[in-house]
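Here is the structure we will look at, set down as structure tokens.
The basis for the numbers below is simple: all heavy atoms, side chains too, and nothing from hydrogens, waters or symmetry mates. Residue numbering restarts at 1 for every chain, and letters A, B, ... go by the order of the sequence lines.
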There are 2 protein chains.
Amino acid sequence: MSVLGAQAVIGTLLGSGVEVCFANPGTSEMHLVAELTARPEMRHVLCLFEGVASGAADGYGRMAEKPASALLHLGPGLANGLANLHNARRAGTPVVTLVGDHATFLTPFDPPLHSDIETMAAPVSAWVRRATSAAGAGRDTADAITAARSGGVATLVLPADVCWSGGGSPAVAAAPAAPGFDAGAVERAAKALRDDTDCLLFVGGPNMRPAGLRAAARIAAATGARLLGEKSPARHRRDPGVPDIARLPYPIDDAMARLRGHRHIVFAGARPPTAFFAYPGKPADLVPADTETHHLGMSPDALEHLADLVAPGLSAPAAEQTAGTGLPSGELTVAKAAAVVAHLLPEDAIVVDEAMTSSSALVAATAGGARHDWLCLTGGAIGMGMPVATGAAIACPDRTVLTLEADGSAMYTLQALWTQAREGLHAVTVVFNNSSYAILAGELDRVVPDAGRRRAGSFVDISGLDFVALAAGMGVPATRAHTAGDLYAQLSRALAEPGPHLIEAVVPPVTRL
Amino acid sequence: MSVLGAQAVIGTLLGSGVEVCFANPGTSEMHLVAELTARPEMRHVLCLFEGVASGAADGYGRMAEKPASALLHLGPGLANGLANLHNARRAGTPVVTLVGDHATFLTPFDPPLHSDIETMAAPVSAWVRRATSAAGAGRDTADAITAARSGGVATLVLPADVCWSGGGSPAVAAAPAAPGFDAGAVERAAKALRDDTDCLLFVGGPNMRPAGLRAAARIAAATGARLLGEKSPARHRRDPGVPDIARLPYPIDDAMARLRGHRHIVFAGARPPTAFFAYPGKPADLVPADTETHHLGMSPDALEHLADLVAPGLSAPAAEQTAGTGLPSGELTVAKAAAVVAHLLPEDAIVVDEAMTSSSALVAATAGGARHDWLCLTGGAIGMGMPVATGAAIACPDRTVLTLEADGSAMYTLQALWTQAREGLHAVTVVFNNSSYAILAGELDRVVPDAGRRRAGSFVDISGLDFVALAAGMGVPATRAHTAGDLYAQLSRALAEPGPHLIEAVVPPVTRL
């Protein structure tokens, strides 16, 4: 039976298990909206800004391990979603981006909202296509889903008349090929690990889960190799029964120190780390030139195989027991906040970490505590925290989502709070308000002459934000914590109550400049 | 004397009169920030989101008639600024976009924040270049300024090591060629106007100012031609001494009706209008097929010349005197709000109009009142209002800026309020809160079957926003108006006090669906 192009698109999504659509549509997407809302099995989630929709699709995909769709309005709508699609690309998250376009017969006249959508989409997309007919729209959608399932952003441009025309039919998405691995590379890595004690096993991607981390721990126990995790994994599953793994630090000198002094580095599920930013006189490639590297690729099977080669029959060692710290008191600092969060983190929480300069203390404090997933800022494009949390909460409605958010980053996509309120998501956000773009303070310190510090400090000082009022303005109950006791009481309550909450954790401003 | 690349860039900007920089920089821009802040004659304005910076540069350029610069951080920072650069492109606003990139030696390693900046920039830019050396950075900047001065977005990508290296020197930007006009086309238009009474003169761009509108009025008086202004001029200067001009309406049926029935249409400073969106069975090109068109180009001199040909010696007719309406009372509606705004609009105000479905009543009510500039949403990418107002206020510190804002659009770039507060700008925002994406209500009505209306209505309903709290959260004093009297009192006070204010004007929700 022939259906409208829009019906073929939505039917194909549903038939392939893509059952959530994060959307900010406009006039050119009305037929898609009509069909989205006609199918009760499709959950449609309105977002008040496209960066929320694309970030939510990233968070959903990381947790559901299948794509959501993000429905965006023309080139400018896509543009607003690009930064979080950049993060999704770096995370390898499956995302199907549907971009409505003008009808094919209008585009040649270059109407005001026309722009080159495919060109804008290319830098963040593994796959881009423009649908040209209702008859092909189902197949196009199925191909987009297949491309996304390989771990990436697939962008399908849908002209309005393709959607409103008849002659369409839903299609079925093919399963993507499972990633294989190079058995020879694994054997060479095994030889290096056996023959040499100066080895580092650098783990990332799909290995940042119990299976991969157990395999890594077996390898380390059997060979003496050191272990290091990638800096910002898309999803790090932390389980008190599995040895935790330290992650590559952000400051370049610290990162270089961690990678130095190994004859071999074996990369499993991770690319070799680069400098996050460049600095005069410092390298771009953080792997020392005299280190031999081994690349196992992205398949988790490669690391299992390596463990079976070098540690046959050996179980993973027990995780170290971390001594619980006492509850802190007094004026709030990031360290005290980290201790409070570690105390209160519910079992099987999803932690979304965009705490920036406040992050490392939080990561350290929560090791060995309750089982949880930790989702990182993979691509460095700030504004991912609350959107990713929104999508994660929709993917996992029975779990608590805790977003650890920096003040500067929070201001990028604050509109996510409105969606959290409307959808009644159990998402708790702690904003670390240090009134600063703290990450810039140290960088500016190094390049600004003394005389210019006061003026340059104007780029670091972002005081004047009241996150309690901002959250209230979007219907999210919020409180402010000045002391560790405040935070304990407020976070306890927020975690216990249904729906979203926000806590502004007031921490000392950064005063270096 | 050789200076750092960053110093060559900033020195070139200042030497060419580009003395404002709207910025959200990151680590890769630290040397530019150091130099920006070392030069007191460069006003640097921190924005908490790049869409604010790019929109502010648009607003500044429209009013100052020279470019500001927008300093953005890598591909994702540019991405966040693209939607408002799209509007600037459609406005023909001069804007110099400086995008910091990773150092040249880091880029080949594809670090997390790397993306293809030039490709992202292309769809919105008239000119794109990547600086490759400190020695060339001054020249590159000068060329960007020259390109922007021709009326467009010029994007210069500045790798970090180009900025931190020595060997640079400031350059001087060339003046762009003034746009000429085709005297033959003007003469043919004059003949049509003389010979035929069924003529429409369609005016836009630089002719939406007193000189152009007087010339148009002279032509109409002499020839009987009808007059129509483009739908969304970048800047419409309205003066009580100059006949006002009606603008092309948004609804396609109304627009078609206005353009129908003319043997000739003469376009002066405007392109022929297209449908804003396409609809099944309706045309893309709104100019009827049997109408002969004449194109005078973008130079205001063409329209002057035409007036001198067909109306030599004739003065522009006097503007119609509009009868002042009484002050409304009772529960607020858009029509009553428009009357209040018309009563209170200060002399020489700058009105930024992103009121969407509330806009036409406001335009009509303010005709014939105090002299003002009216700035429109040129490219249809919502989120321009408060950013453009921010830039306009910085360009014109002695004038009052009044932003007429829709609730949905306000949520796109609300962060502009923080910059308005920090900079102490006299910018007053009236948000028309109808709790709806009202513009979608009518569109959905036409495509959604009755049974689906309730669910589809979830895409129209954006209730739950408290703009008073949101403004307070960014340090902007705010009040809520439920009645015409409330609005009169609150707007009077806001206009009289220094600094920014926001008024949430509560108007009836759209209930069609």
(message) For a 4.5 angstrom cut-off between non-hydrogen side-chain atoms, does V124(B) reach M120(A)?
(response) yes
(message) Within the 4.5 Å heavy-atom criterion, are H114(A) and R90(B) side-chain neighbours or not?
(response) yes
(request) Answer with side chain, backbone, both or neither: which region of T107(A) has an atom nearer than 4.5 Å to a non-hydrogen atom of chain B? (result) neither
(request) Could you check if a side-chain atom of P111(A) sits within less than 4.5 angstrom of a side-chain atom of F276(B), using non-hydrogen atoms only? (result) no
(request) Considering only heavy atoms and a distance below 4.5 Å, find which of H102(A), M474(A), H44(A) pairs most often with chain B. (result) H44(A)
(request) Could you check if a side-chain atom of Y437(B) sits within less than 4.5 angstrom of a side-chain atom of L46(A), using non-hydrogen atoms only? (result) yes
(request) Would you check if the distance from the ring center of H73(B) to the ring center of F277(A) is below 6.0 Å? (result) yes
(request) Write down the atom of S115(B), the atom of R89(A), and the distance for their closest heavy-atom approach. (result) CB-NH2, 4.1 Å
(message) In the structure I gave you, are the side-chain heavy atoms of P112(B) and T274(A) within less than 4.5 Å of one another anywhere?
(response) yes
(request) Report yes if the side chains of W418(A) and M411(B) come closer than 4.5 Å at any heavy-atom pair, otherwise no. (result) no
(request) State, with a plain yes or no, whether a side-chain heavy atom of F49(A) is found less than 4.5 Å away from one of T413(B). (result) no
(message) If we define contacts as heavy-atom pairs under 4.5 Å, which of L113(A), L470(A), N84(A) has the most with chain B?
(response) L113(A)
(message) Could you measure the distance from the CD atom of E50(B) to the CD1 atom of I382(A)? Nearest 0.5 Å is fine.
(response) 7.0 Å
(message) Using heavy-atom distances under 4.5 Å, tell me whether L74(B) contacts chain A through its side chain, its backbone, both, or neither.
(response) side chain
(request) May I ask you to name which of V468(A), D466(A), T27(A) has the most heavy-atom pairs under 4.5 Å with chain B? (result) T27(A)
(message) For P272(B), which atoms come within 4.5 Å of any heavy atom of chain A: side chain, backbone, both, or neither?
(response) neither
(request) Examine whether an atom of P159(A) lies under 4.5 Å from a heavy atom of chain B, and if so say whether it belongs to the side chain, the backbone or both; otherwise answer neither. (result) neither
(request) Considering non-hydrogen atoms only, spot the tightest contact between A278(B) and L106(A) and give its length. (result) N-CD2, 3.4 Å
(request) Name the region of P273(A), side chain, backbone, both or neither, that has any atom closer than 4.5 Å to a heavy atom of chain B. (result) neither
(message) I'd like to verify something: which residue of L82(A), L36(A), N24(A) has the highest number of heavy-atom pairs under 4.5 Å with chain B?
(response) N24(A)
(request) Specify which of P280(B), A103(B), S28(B) makes the most heavy-atom pairs with chain A at under 4.5 Å. (result) P280(B)
(request) Output the option from A34(A), G383(A), A121(A) having the highest count of non-hydrogen pairs under 4.5 Å with chain B. (result) A34(A)
(request) With a 4.5 angstrom heavy-atom cut-off, could you sort out which part of D110(B) is near chain A: side chain, backbone, both or neither? (result) both
(request) With the side chain counted from C-beta on, respond yes when L465(B) and L48(A) share a heavy-atom pair under 4.5 Å apart, and no when they do not. (result) yes
(message) Is S165(B) close to chain A through its backbone or its side chain, or both, or neither, when contacts mean heavy atoms under 4.5 Å?
(response) neither
(message) How close do M30(B) and L440(A) get, counting heavy atoms only, and between which atoms?
(response) CE-CD2, 3.7 Å
(message) Does any backbone or side-chain atom of A275(B) lie under 4.5 Å from a heavy atom of chain A? Answer side chain, backbone, both or neither.
(response) both
(request) Would you please say whether a donor-acceptor pair under 3.5 Å links the side chains of Y412(A) and Q415(B)? (result) no
(request) For each of A471(B), G408(B), A472(B), G379(B), tally heavy-atom pairs with chain A at distances under 4.5 Å, and name the one with the top tally. (result) G379(B)
(message) Ignoring hydrogens, what is the shortest heavy-atom contact between A83(B) and N80(A)? Give both atom names and the distance.
(response) CB-OD1, 3.5 Å
(message) Quick check on D461(B) against chain A: is it the side chain, the backbone, both or neither that has a heavy atom closer than 4.5 Å?
(response) both
(request) Please flag which part of T378(A) lies under 4.5 Å from any non-hydrogen atom of chain B: side chain, backbone, both or neither. (result) backbone
(request) Please flag which part of F467(A) lies under 4.5 Å from any non-hydrogen atom of chain B: side chain, backbone, both or neither. (result) neither
